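Model, not experiment: these values are computed from the prediction. Order of the sequence lines sets the chain letters (A, B, ...), proteins ahead of strands, with each chain counted from 1.
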Amino acid sequence: MGISLDLYDCEQPMKFDYNPETIEKKWQNFWSQNKTFKTDINTNKPKYYVLDMFPYPSGAGLHVGHPEGYTATDIIARYKTMKGFNVLHPMGWDAFGLPAERAAMRSNQHPATLTKANISNFKRQIQQLGLAYDWDREICTSDPEYYRWTQWIFLKLYEKGLAYLADVPVNWCPAQQTVLANEEVVDGKYVETGDPVEKKVMRQWMLKITEYAEQLLEGLEGLDWPQNVKDMQRNWIGQSKGLLIDFKLSEAAESIEVFTTRPETLMGATFCVVAPGHAIVQHVQHEYKALVDAYCKKVANMSDRDREMAAAKEKTGVFTGLFVDHPLIDKKIPIWVADYVKLGYGTGAVMAVPGHDERDHAFAEKFELPIIEVIDDNNHLIHSEGYDGQSVEDAKQGICNSLIDLGIAKETITYKLRDWLFSRQRYWGEPFPMYYDDQGQVCTVSQKELPVVLPTIDAFKPTEDGEPPLARAKDWLQFETPDGTMTRETNTMPQWAGSCWYYLRYMDPKNSDAPFSFEAQQYWGQVDLYIGGLEHAVSHLLYSRFWHHVLYDCGLVSHREPFKKLFNQGMILAQSYRDGLGKYYHESEVYEKKGQYFSKDGDEALTTMVEKMSKSKLNVVNPDEVVSSYGADALRLYEMFMGPLDMTKPWQMNGVKGVYHFLQRVWRLSVDVESNQLSEDIVDECEPSNEWLTALHQTIHKVTEDIESLKFNTAIAQMMSFLNLCKAEKQIPKAQWALFIKILSPFAPHISEEIWAIMGFESSISRAQWPSALEQYLTSAKVSINLCINGKKVTTLMVDKDISYEEAEGMFKTNEKISSKMNGMHIKKLIHVPNRLINAICIK
RNA sequence: GCCGGGGUGGCGAAACAGGUAGACGCGCCAGAUUCAAAAUCUGGUGGUGGUAACACCGUGUCGGUUCGAUUCCGACCCUCGGUACCA
């Protein structure tokens, strides 16, 4: 044994060469044993709260897209710590959700068991990336100690009248035996499985998010969020200001109320359209009744999506036989019922102005209804008796006023936003803290009795009579009180519930008296930086803002908005390979020949695409394989080096080599690979070249700036350039080299810790102070300027900074290269852009 | 359709406030080292022409503003993401 070991050593002369596997394990253990990243309230330091959108721990594990955002926040967390901030940087699990429940149904294991296994895999994968999380603050939404407070907040919502029961048509998926959210249904199918979805009226818990529409809209103003996300939320809330106008039925006392944003087009209204199901439909008589009823019935059976798709292609509708009187002129207007008008928006009725509304226009053309233009090209009214010639603005005012004076109209604001359907007929979610008495009246579980723990049941599927799975828990379902037999709510909350407030729990995760203490909340305040994917631009970010606003109104939090700055990381794409039949091949099943890819099994030519990573496309890149070949530091570095954080970028395994190489060279420059001691070239005393010192300080400066603006790719490029420059130095002063290792450390913490230790520093580099660049090296005395003739660069010159126009002119005229290009031309005009260029306009 | 990104070498990408492209990395080529290969190191590398100095062309397309445009303006094409009759 001894002999072979010696032999081994002989064959591996560089036995202390860069070895990420050993040093990364070493430092991960060190951090966890020393609780290096543990945070507590410390009023002596400014706080900084940097948050990742916590993951849903799926069975598939992490892919290479997850660490992108995690690395970015980690760099910020480590950087801010070194800058003297008290940093909160937590991680947890959004653990309730349908996939675990479906897996449970298939394998007949408890979802909690599966979730636990998934979490431990996720945690292992995340921990091997060396992220500076305070794991003592780890939370899990499916933990009763967590969802106890989710239930508690729900009770707050209920107390404030923001939660109510309603019979609403919902997306019922027979195959899954469950109700789906709108965002889960595409083309009448469940997005996850493709199972068909139909409409079914059910009793559901709803949250009155519409009551906060105005506030949620206003709150966006002051947020440092990407413009597009704000726009998307504004669109979703969909505020529109307009007029409600009564149109009286010609032959009955009733009237219909329509909503319009363009009252100035009133004279162009040639018909009205009501949504199927509108109350006025009851007044339809005689020969029209059967047709209208049949139409309404047909539409009611369609899913929202199908209905929209169909209506977008071709307008459908039927005449009701009813007429209304035009409110201002002597004219009868027919009422039609059509599915392009929706019951849930406005009043479910519109005055159709085919001259100025595309949808109305298409409808009018199809059914040969009159089309009147009432506004000309100059934005003045025509064909509008009494208002002809007025500007749109004036006419709008005038028409509004006269309708309001007549008492048949009022100004109003409507929202596209609808109340939030908040219950699911599923097992794996938070039980509602609600029950019903024997009269069917709703009762709340008292706060002391929380949590209502999810009961254990025999199968995770609905009961035979279509009740939610929780109805299977017979012993749990009912309980006796002096007032009689009580029956618990069997719906559970949607997955969004837990993620609505998790960022608050991180502030005080162990609190057993409250979701979080007021003090903790007051100290940590808003999330200073929140990084996650764009897919949550509306849903999660709007729902959690809503809850936060409510908590604010309850006096539980001191800021109205939870997330001060938001940043969306771009998606990471990967190359996929497909044959003529559309069958996908894994990278390991293909080979490359002259830039063309072929399948190994049949030598078939394959087409390649760069697309979203997905299991079905066999192009998912697992971070584990990257870590095992190149180490976590290289993975982190590559994730950040690929390109700008917010862009979608293709994954290229070869690219990892480049950053690995960089780390290796940093290592070899720092460490004597024979002895594992500090390299002999890193010395206490020496005089580095001025170029080197300048580059060092410029690097410190650039890296600092780039971290602040989340431009990690160029920060890394700068460090690489600096390293390239180090080759020219025979010796490097230790004190200065330490500065470089410090600025590298947020990006590549393991190697930096190891080199730091080898340099003889005793405490973790994460506790070191961030260096600042010396001003004297940031400004140089010489600059290079271009000399141009007629806008074309002729030569580049190094000159003193800030030379005068006269000096520049002289320099230009005496320059040999310039003279040789003049060919008898003379200078008409000379442009001198200080420190940039001198350009002469020359003519013959 | 609408809204928002994005089109720059063989590839991922740089370029401050308009200042005269392609930083950094991958790949490729050549050399060193090696019995050889891998690894490593050194140099080169936008295209076309030329031994070369050099010349011309080059940031999706067409046009405009400017001494000067990847950057500003207008029209269009392609691509990715979001969204969907919102009255």
Side-chain angles (χ1 to χ4, degrees), chain A residues 14 17 226-232 234-236 238-240 242-243 258-262 265 272-273 275 304-305 307-313 315 338-342 344-353 356-360 362-363 414-417 534-535 537-538 568 570-571 573 595 610-612 637-638 641-644 646-662 664-665 668 705 711 713-724 727 785-794 796 828-831 833-842:
Chain A
M14 303 200 293
D17 201 2
Q227 193 55 45
N228 58 341
V229 177
K230 286 199 206 180
D231 287 346
M232 281 160 82
R234 282 200 190 98
N235 268 326
W236 192 267
Q239 185 188 64
S240 52
L243 204 60
V258 306
F259 175 70
T260 181
T261 53
R262 302 198 57 194
T265 61
C272 281
V273 182
D304 274 4
R305 269 300 168 126
R307 189 175 142 177
E308 279 159 14
M309 301 282 276
K313 267 190 218 125
K315 294 278 180 283
D339 63 356
Y340 80 90
V341 173
K342 285 188 186 166
Y345 184 75
T347 58
V350 300
M351 61 174 209
V353 185
H356 301 280
D357 183 287
E358 268 183 45
R359 296 152 299 167
D360 296 343
F363 193 83
T414 61
Y415 296 92
K416 197 160 90 180
L417 185 70
L534 199 57
E535 66 272 23
V538 179
N568 300 112
M571 207 188 308
L573 309 174
V610 172
E611 50 189 342
K612 198 168 160 172
L637 220 48
Y638 178 62
F641 185 62
M642 289 172 82
D646 56 352
M647 294 258 284
T648 56
K649 304 164 282 271
W651 182 268
Q652 296 186 131
M653 205 50 106
N654 266 341
V656 188
K657 272 191 216 169
V659 294
Y660 177 79
H661 196 188
F662 164 71
Q664 196 176 44
R665 296 204 304 167
R668 290 177 182 172
E705 266 193 341
K711 282 153 67 180
N713 54 331
T714 47
I716 294 167
Q718 178 68 35
M719 290 189 280
M720 287 173 163
S721 294
F722 172 69
L723 188 71
N724 289 342
K727 284 186 287 206
I785 67 169
N786 288 320
L787 303 190
C788 313
I789 294 177
N790 288 334
K792 284 202 171 181
K793 181 166 82 178
V794 175
T796 304
K828 196 184 152 202
K829 188 181 171 191
L830 196 76
I831 294 153
V833 182
N835 305 325
R836 295 274 185 208
L837 56 56
I838 304 166
N839 182 25
I841 320 298
C842 301

Nearest-angstrom distance from the residue atom [atom1] of [X] to [atom2] of [N]:
{"X": "A:Glu705", "N": "B:A14", "atom1": "CD", "atom2": "P", "result": "16 Å"}
{"X": "A:Asn235", "N": "B:A87", "atom1": "CG", "atom2": "P", "result": "10 Å"}
{"X": "A:Phe722", "N": "B:G25", "atom1": "CZ", "atom2": "P", "result": "14 Å"}
{"X": "A:Ile716", "N": "B:A14", "atom1": "CD1", "atom2": "C1'", "result": "14 Å"}
{"X": "A:Lys792", "N": "B:G19", "atom1": "NZ", "atom2": "C1'", "result": "16 Å"}
{"X": "A:Ile831", "N": "B:U66", "atom1": "CD1", "atom2": "C1'", "result": "9 Å"}
{"X": "A:Lys649", "N": "B:G5", "atom1": "NZ", "atom2": "P", "result": "17 Å"}
{"X": "A:Leu534", "N": "B:C3", "atom1": "CG", "atom2": "P", "result": "18 Å"}

Which one, [options], comes nearest to the side chain of [X]?
{"X": "A:Phe259", "options": "B:C86, B:A87, B:A13", "answer": "B:A87"}
{"X": "A:Val350", "options": "B:A87, B:G12, B:G4", "answer": "B:A87"}
{"X": "A:Phe641", "options": "B:G12, B:G82, B:A84", "answer": "B:G12"}
{"X": "A:Lys793", "options": "B:U20, B:G4, B:C41", "answer": "B:U20"}
{"X": "A:Trp236", "options": "B:G19, B:A84, B:A87", "answer": "B:A84"}
{"X": "A:Lys416", "options": "B:C86, B:C67, B:A14", "answer": "B:C86"}
{"X": "A:Lys657", "options": "B:A87, B:G27, B:A15", "answer": "B:G27"}
{"X": "A:Arg836", "options": "B:A87, B:G19, B:G27", "answer": "B:G19"}
{"X": "A:Asn654", "options": "B:A15, B:A23, B:C26", "answer": "B:C26"}
{"X": "A:Asp231", "options": "B:G4, B:U42, B:C67", "answer": "B:G4"}

Whom does [N] pair with, Watson-Crick or G-U wobble, provided both distances fall under 3.5 Å?
{"N": "B:G63", "answer": "B:C73"}
{"N": "B:C11", "answer": "B:G25"}
{"N": "B:A87", "answer": "none"}
{"N": "B:A17", "answer": "none"}
{"N": "B:U40", "answer": "B:A32"}
{"N": "B:C3", "answer": "B:G81"}
{"N": "B:C56", "answer": "B:G47"}

Side-chain contact test, heavy atoms from C-beta onward, threshold under 4.5 Å: evaluate it for [X] versus [Y] and give yes or no.
{"X": "A:Met351", "Y": "A:Thr265", "answer": "yes"}
{"X": "A:Leu787", "Y": "A:Ile838", "answer": "yes"}
{"X": "A:Thr796", "Y": "A:Ile785", "answer": "no"}
{"X": "A:Val656", "Y": "A:Trp651", "answer": "yes"}

Quick one: is [X] getting a side-chain N or O under 4.0 Å of the [N] phosphate, OP1 or OP2?
{"X": "A:Lys612", "N": "B:C80", "result": "no"}
{"X": "A:Asn713", "N": "B:A14", "result": "yes"}
{"X": "A:Tyr345", "N": "B:A87", "result": "yes"}
{"X": "A:His661", "N": "B:G27", "result": "no"}
{"X": "A:Gln664", "N": "B:U40", "result": "yes"}
{"X": "A:Asn786", "N": "B:G19", "result": "no"}
{"X": "A:Ser240", "N": "B:A87", "result": "yes"}

Could you give the distance separating [M] and [N] at their [atom1] atoms, to the nearest angstrom?
{"N": "B:G12", "M": "B:U65", "atom1": "C1'", "value": "34 Å"}
{"N": "B:C16", "M": "B:U71", "atom1": "P", "value": "12 Å"}
{"N": "B:G25", "M": "B:G18", "atom1": "P", "value": "29 Å"}
{"N": "B:C67", "M": "B:G5", "atom1": "C1'", "value": "34 Å"}
{"N": "B:G64", "M": "B:G81", "atom1": "C1'", "value": "31 Å"}
{"N": "B:A39", "M": "B:U33", "atom1": "C1'", "value": "11 Å"}
{"N": "B:A23", "M": "B:A14", "atom1": "P", "value": "13 Å"}
{"N": "B:U40", "M": "B:A53", "atom1": "C1'", "value": "36 Å"}

- Message: By nearest heavy atom, map A:Asp360 and A:Gly791 onto RNA chain B; which one lands nearer the 5' end?
- Response: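 Its nearest nucleotide lies further toward 5', so the answer is A:Gly791.
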
- Message: Both A:Glu358 and A:Leu573 contact RNA chain B. Taking the nearest nucleotide for each, which residue is further toward the 5' end?
- Response: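 Closer to the 5' end of RNA chain B: A:Glu358.
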
Under 4.0 Å, counting only non-hydrogen atoms across every strand here, what does [X] touch: a base, just sugar-phosphate, or nothing?
{"X": "A:Gln227", "result": "nothing"}
{"X": "A:Lys230", "result": "nothing"}
{"X": "A:Gly658", "result": "sugar-phosphate"}
{"X": "A:Pro644", "result": "sugar-phosphate"}
{"X": "A:Arg665", "result": "sugar-phosphate"}
{"X": "A:Asn724", "result": "sugar-phosphate"}

- Message: Does A:Arg668 contact B:C41 through a side-chain donor or acceptor facing the base, at a distance under 3.5 Å?
- Response: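 Such a pair does not exist between side chain and base.
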
- Query: What about A:Asn839: does its side chain form a donor-acceptor pair under 3.5 Å with the base of B:C67?
  - Reply: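 It does, because a donor-acceptor pair links the side chain of A:Asn839 to the base of B:C67 below 3.5 Å.
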
- So with a 6.0 Å cut-off around CD of A:Glu358, is the heavy-atom count from everything else above 12?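 It does not: A:Glu358 CD has 12 such atoms or fewer within range.
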
Hey, is the main chain of [Y] close enough, under 3.5 Å, to the side chain of [X] for a donor-acceptor pair?
{"X": "A:Asn839", "Y": "A:Gly791", "value": "yes"}
{"X": "A:Lys315", "Y": "A:Arg359", "value": "no"}
{"X": "A:Lys416", "Y": "A:Tyr345", "value": "no"}

- Message: Can you tell me how the ring of A:Phe363 sits relative to the ring of A:Tyr340, calling it parallel under 30°, perpendicular over 60° and tilted otherwise?
- Response: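 Tilted, since the angle between the ring planes falls between 30° and 60°.
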
- Is the glycosidic angle of B:G64 within 90° of 0, making it syn, or outside that range, making it anti?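 It is anti.
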
- If you round to the nearest 0.5 Å, how far is CZ of A:Arg668 from CG of A:Asp17?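 So the CG of A:Asp17 and the CZ of A:Arg668 are separated by 4.0 Å.
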
